[in-house]
Amino acid sequence: MQQIFLFLYRLRAFILFLILELLALGIIFTHNSPQGAVYFNSSNKFTGRLLSSKNNIVSYFTLNSTNKALAEKNASLLNRLDKMTTISDSAYFNLDSSFSNHFNFWSARVINNSINLSQNYITLNKGSLDGVEEGMGVFNEQGIVGRVKGTSSHFSSVISLLHTDLLISSKIKKSEVFGSTKWDGVNSNEAKLLYVPRHVKVEPGLEIVTSGYNAVFPEGLPIGKVKDVSQGSETNYLDITISLGADFSKLNFVYLVKNDLREEIDSLEMEMVTPNQ
């Protein structure tokens, strides 16, 4: 303790100088507007930079939770939009309410994904306990991703659109011409649009969306855009290559969609295929 007092005693002149200097600066900043403004602006600028740096660091480490929250919010908004949107159709009116607004949406995170195989799969962090069921559609903001193949309690396996056995009922948005999207196993950014008749005029750049002709996806979800068109080797159909909207090398958060009327539709269509004898 004595050493500390001796140290302070030796610096008494310097300490007195600092105190008087601070008092002088305080008087100057208090009673002189220009100097006070400079001090105020400088201190605010320094504090602002410090807080901004802190916020950037905190935001970086919370990006995952932020993205998760946004995905869940978007799923909620999709549900609300589906409940609010009605489709104008001059051939059908006064539809029973049980036939409208029958799609529900969830968000999920991709935890595993392959793109280098001929039959690729995706694993999601949501399972049967979260309401995920086999057959549900999977998509993101850019386009269709795949269809749920199986579930466990906490996870689900998805047949990727990059799977040579998966067909997606599609249509050309501008002309309403129907076809099927199927990956040919070559390029992870491209697929084929099948069964479009040769007489149909198809140009590069046309948007391809879901047709709504199956019980998996609602109508109008993006799939991709026409890249190349040729007559092909088939006698009746065009050879159409489309650029996929979804970037499968960067999948993170996706949405799952469930058609509440799917079992009823599937049952009815099965009766058409195998009528009672």
Side-chain angles (χ1 to χ4, degrees), residues 70-108 110 122 124 126 130-149 151 156 158-163 166-183 191 193-196 206-226 242 244-248 251 253-270:
L70 287 173
E72 291 176 350
K73 182 65 175 178
N74 286 340
S76 174
L77 292 173
L78 284 170
N79 278 309
R80 293 177 60 186
L81 181 63
D82 185 62
K83 300 294 185 293
M84 295 168 59
T85 303
T86 57
I87 300 175
S88 300
D89 193 330
S90 58
Y92 297 92
F93 51 91
N94 295 327
L95 291 176
D96 190 289
S97 59
S98 63
F99 287 94
S100 62
N101 306 325
H102 51 267
F103 287 99
N104 290 293
F105 301 87
W106 290 262
S107 67
V110 175
I122 300 166
L124 306 180
K126 296 287 182 70
D130 304 291
V132 181
E133 300 176 2
E134 181 180 349
M136 291 173 63
V138 183
F139 67 100
N140 64 9
E141 293 87 349
Q142 287 75 43
I144 298 301
V145 171
R147 190 177 68 214
V148 175
K149 174 64 176 176
T151 65
S156 55
V158 175
I159 301 177
S160 172
L161 181 56
L162 304 183
H163 191 296
L166 183 63
L167 282 172
I168 302 295
S169 182
S170 315
K171 68 177 181 179
I172 301 172
K173 186 176 181 179
K174 182 178 180 180
S175 63
E176 298 286 326
V177 173
F178 296 96
S180 293
T181 298
K182 184 178 182 181
W183 188 52
L193 182 63
L194 308 177
Y195 313 128
V196 176
L206 291 178
E207 188 175 358
I208 309 300
V209 298
T210 52
S211 67
Y213 268 25
N214 58 26
V216 179
F217 294 102
E219 181 182 359
L221 293 179
I223 297 176
K225 293 184 177 181
V226 175
I242 64 174
L244 296 175
D247 187 345
F248 286 82
L251 289 181
F253 285 93
V254 295
Y255 302 105
L256 298 110
V257 56
K258 176 186 177 183
N259 185 347
D260 292 333
L261 301 180
R262 181 178 170 228
E263 291 184 5
E264 181 178 347
I265 296 172
D266 288 347
S267 176
L268 180 62
E269 291 180 348
M270 186 60 66

What distance separates Ile208 CD1 from Ile168 CD1, expressed to the nearest 0.5 Å? 13.5 Å
Spatial distance of atom CE (Met136) from atom CZ (Phe103) [nearest 0.5 Å]: 11.5 Å
Rounded to the nearest 0.5 Å, the CG atom of Leu251 sits from the CG atom of Asn140 at a distance of 6.0 Å
Residues at least two apart in sequence or cross-chain that pass salt bridge (Lys or Arg N to Asp or Glu O under 4.0 Å) with Lys182, listed by chain then number, are none
Should Trp106 and Val132 count as side-chain neighbours, where that means a heavy-atom distance under 4.5 Å? no
Residues Leu162, Leu244; criterion side chain to side chain contact (heavy atoms under 4.5 Å, CB included); working and verdict: CA-CA 10 Å; Leu162 304 183; Leu244 296 175; 3.9 Å; yes
CG-CD distance between Leu256 and Glu133, expressed to the nearest 0.5 angstrom: 11.0 Å
Taken to the nearest 0.5 Å, the spacing of Arg147 CZ from His163 NE2 works out to 9.5 Å
For Phe248, enumerate each residue passing the ring pair (Phe, Tyr, Trp, His ring centres under 6.0 Å) test, keeping only those at least two apart in sequence or located in another chain. none
Neighbour count >12 (heavy atoms, 6.0 Å) for atom CZ, Phe178: yes
Residue list, side-chain hydrogen bond (donor to acceptor under 3.5 Å, both in side chains) with Thr181, at least two apart or on another chain: Ser170
Residues in side-chain hydrogen bond (donor to acceptor under 3.5 Å, both in side chains) with Ser211, at least two apart? Ser169
Partners passing side-chain hydrogen bond (donor to acceptor under 3.5 Å, both in side chains) against Thr151 (at least two apart in sequence or in another chain): none
Compare all side-chain heavy atoms of Ile122 with those of Val138 and state whether any distance is below 4.5 angstrom. no
For Asp130, check side-chain hydrogen bond (donor to acceptor under 3.5 Å, both in side chains) against everything at least two apart and list the hits. none
Heavy-atom side-chain contact between Ile223 and Thr210 under 4.5 Å: yes
Taking side chain to side chain contact (heavy atoms under 4.5 Å, CB included) as the test, write out the residues that go with Val209, two or more places apart. Lys171, Lys173, Glu207
Using the side chain to side chain contact (heavy atoms under 4.5 Å, CB included) rule, take Leu124 and Val110 through it: C-alpha gap first, then chi angles, then the decisive distance, then the call. CA-CA 5 Å; Leu124 306 180; Val110 175; 3.8 Å; yes
